[in-house]
Amino acid sequence: MDLGYLILKNPARVHSFELPFGKAHVFYPELSDSRSAASLLLDIDSVALVRGRSQSAGEGSLDQYVNDRPYVSSSFLSVAISRVFGTAMGGRSKERQALADTVLEWTAVIAVAPCRGGERFIRALFEPLGYVVNAERHPLDESFPEWGDGFYYTIRLSGMQRLQDLLTHIYVLLPVLDAEKHYWVGDDEVEKLLRKGEGWLATHPEREAIAARYLRFDRRLTRDALARLADEDEPDPEAVEQARTSEEHEIEAPMQLWEHRIGAVLSALRAVDAKTVIDLGCGEGKLLKPLLQDRAFERVVGMDVSWRSLGIARRRLYMDQMPDAQRARIELIHGSLMYRDKRLEGFDAATVVEVIEHLDPPRLAAFERVLFECARPRAAIITTPNVEYNVRFATLPAAQLRHKDHRFEWSREEFSAWALGVAERFGYAVRFLPIGPEDSIVGAPTQMGVFTR
Ligand code: SAH
């Protein structure tokens with residue numbers, strides 16, 4: 001409902017703007033307390049485009065009239081975003097400043113974006129910024145399927161962001177995807193790139209490609225921009241998370257619970273005769289390593305929402321130096337258990353090791369559907385702490401969970417009630433196994449559910 005305050009007032013009507021190359025319209029297809037949508041429609045006037053051009057640019061040729069520009073999201077859309085949503089992109093809101101400063105859940109859909117670098121490049125640009133990316137490639141011409149696919153994509157970006165950051169990322173990265181800019185690039189473009197890239201570009205793994213493409217491959221400008229980006233000293237936002245992870249390890253380390261867990265999961269995978277395995281929330285790849293060492297697992301995929309963890313997994317597995325035969329068996333993908341994703345489908349088994357307790361309870365329902373309805377592996381193996389056991393950890397203060405980021409820790413009864421409900425709803429059978437040294441009163445430190453269908 002507050003979207004109108006964040007973007008443009010009065011969601012009840014259509015707002016139209018004149019731009020040098022056409023018109024922009026903003027309207028609100030959906031408004032409710034839980035979800036709202038705003039659309040920006042850009043109507044490019046190809047004749048106006050030609051009129052606005054400098055004399056030398058392709059004078060007299062047909063392609064200045066016949067090209068894809070009016071139909072795609074390109075640097076024209078970036079200009080429209082800055083004109084129409086300028087206040088929001090600057091992080092300001094007259095009446096809802098607190099909301100403008102808040103990280104909210106957004107989904108942005110870019111209807112048709114040209115990208116010759118393909119889906120890999122789209123992911124490489126947006127995933128490090130914390131988006132879950134879905135890119136749908138379109139055929140060149142629907143009436144002639146034999147022509148194959150074109151290089152146009154519908155891109156969906158989902159993630160937790162401030163609106164200001166969402167708009168800025170799209171503003172900068174649209175022309176980068178496209179690598180074709182409609183205006184001349186000069187020194188002031190370096191300034192603009194650095195200003196808009198503040199806080200995220202300096203640490204972006206693709207910063208060189210972004211700068212080069214944004215500046216239209218002008219070598220001098222790109223060098224200048226990169227040199228100045230290198231001076232920016234960014235604190236690592238995920239360092240905090242790392243400190244917390246080691247805390248959990250200290251509590252559980254003395255009993256080598258971690259090894260018990262891996263052992264139990266591997267036996268469960270062998271028991272269901274899994275050849276292809278996806279490890280959801282793979283973190284730094286603790287389970288991926290032993291999976292890879294056993295050739296009975298023909299295909300191993302690790303998925304996590306944390307870009308940083310995936311980077312560590314890649315290094316720990318020495319993926320860049322792996323022999324080809326081994327390299328062909330493993331893949332790391334960035335994604336979230338909150339969103340349905342085709343890449344998660346078709347596996348014999350999925351493992352979800354010490355992950356569910358990191359999910360907000362109201363979002364468990366989304367996770368259940370993603371795993372059991374969409375990914376729908378033949379077997380799913382889920383482990384989670386048994387909270388009853390916490391009293392046996394000498395170093396853990398009473399009533400405290402094992403990890404600061406745990407949203408909950410379940411008793412054996414709570415876990416089995418949840419698991420049985422899920423199994424029934426999605427047509428699976430489930431059995432429960434303890435992991436680690438079992439205590440006669442409080443049970444084992446970790447609990448595991450093995451779901452099969
Ligand atoms: N399975 C690993 C890591 C457990 S820590 C192991 O046993 O060592 C929990 C992991 O879940 C973290 O790496 C975190 O980034 C990941 N995670 C949390 N929420 C997630 C989500 N919505 N989608 C995918 N991964 C998620």
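Whatever order the structure lists them in is the order used to number ligands and atoms, beginning at 1.
- At under 3.5 Å, a nitrogen or oxygen of Leu337, whether backbone or side chain, sits near a nitrogen or oxygen of ligand 1.
- Within ligand 1, counting atoms from 1 as listed, the ones closer than 4.0 Å to a heavy atom of Val355 are 11 (O).
- Taking the six-membered ring where tryptophan is involved, the planes of Phe451 and Phe372 are tilted, since the angle between them lies from 30° to 60°.
- Within ligand 1, counting atoms from 1 as listed, the ones closer than 4.0 Å to a heavy atom of Glu354 are 4 (C), 5 (S), 9 (C).
- Taking every heavy atom of Cys282 and a limit of under 4.0 angstrom, the matching atoms of ligand 1 come to 2 (C).
- A salt bridge (charged side-chain N to carboxylate O under 4.0 Å, His left out) with Glu331 is found for one member of Arg343, Arg314, Arg299 and no other, namely Arg299.
- With respect to Arg195 and Glu191, no salt bridge is recorded, no charged nitrogen being found less than 4.0 Å from a carboxylate O.
- For ligand 1, the atoms sitting less than 4.0 Å from at least one non-hydrogen atom of His358 are 5 (S), 9 (C), numbered in the order shown with element in parentheses.
- Atom numbering of ligand 1 starts at 1 in the shown order; those under 4.0 Å from a heavy atom of Lys286 are 8 (O).
- Among Thr383, Asp304, Asp279, the residue whose heavy atom lies nearest to atom 13 (O) of ligand 1 is Asp304.
- Note: no N/O pair closer than 3.5 Å links Leu359 and ligand 1 by distance alone.
- The N/O atoms of Val353, backbone and side chain alike, include one that comes under 3.5 Å of an N/O atom in ligand 1.
- Residue Val132 comes nearest to Ser336 through the heavy atom pair CG2-CB, 3.5 Å, listed as atom of the first residue, atom of the second, then distance.
- When every heavy atom of Val442 is checked against every heavy atom of Asn386, the shortest pair comes out as O-ND2, 2.9 Å.
- The two residues Ala274 and Val277 make their nearest non-hydrogen contact at CB-CG2, 4.2 Å.
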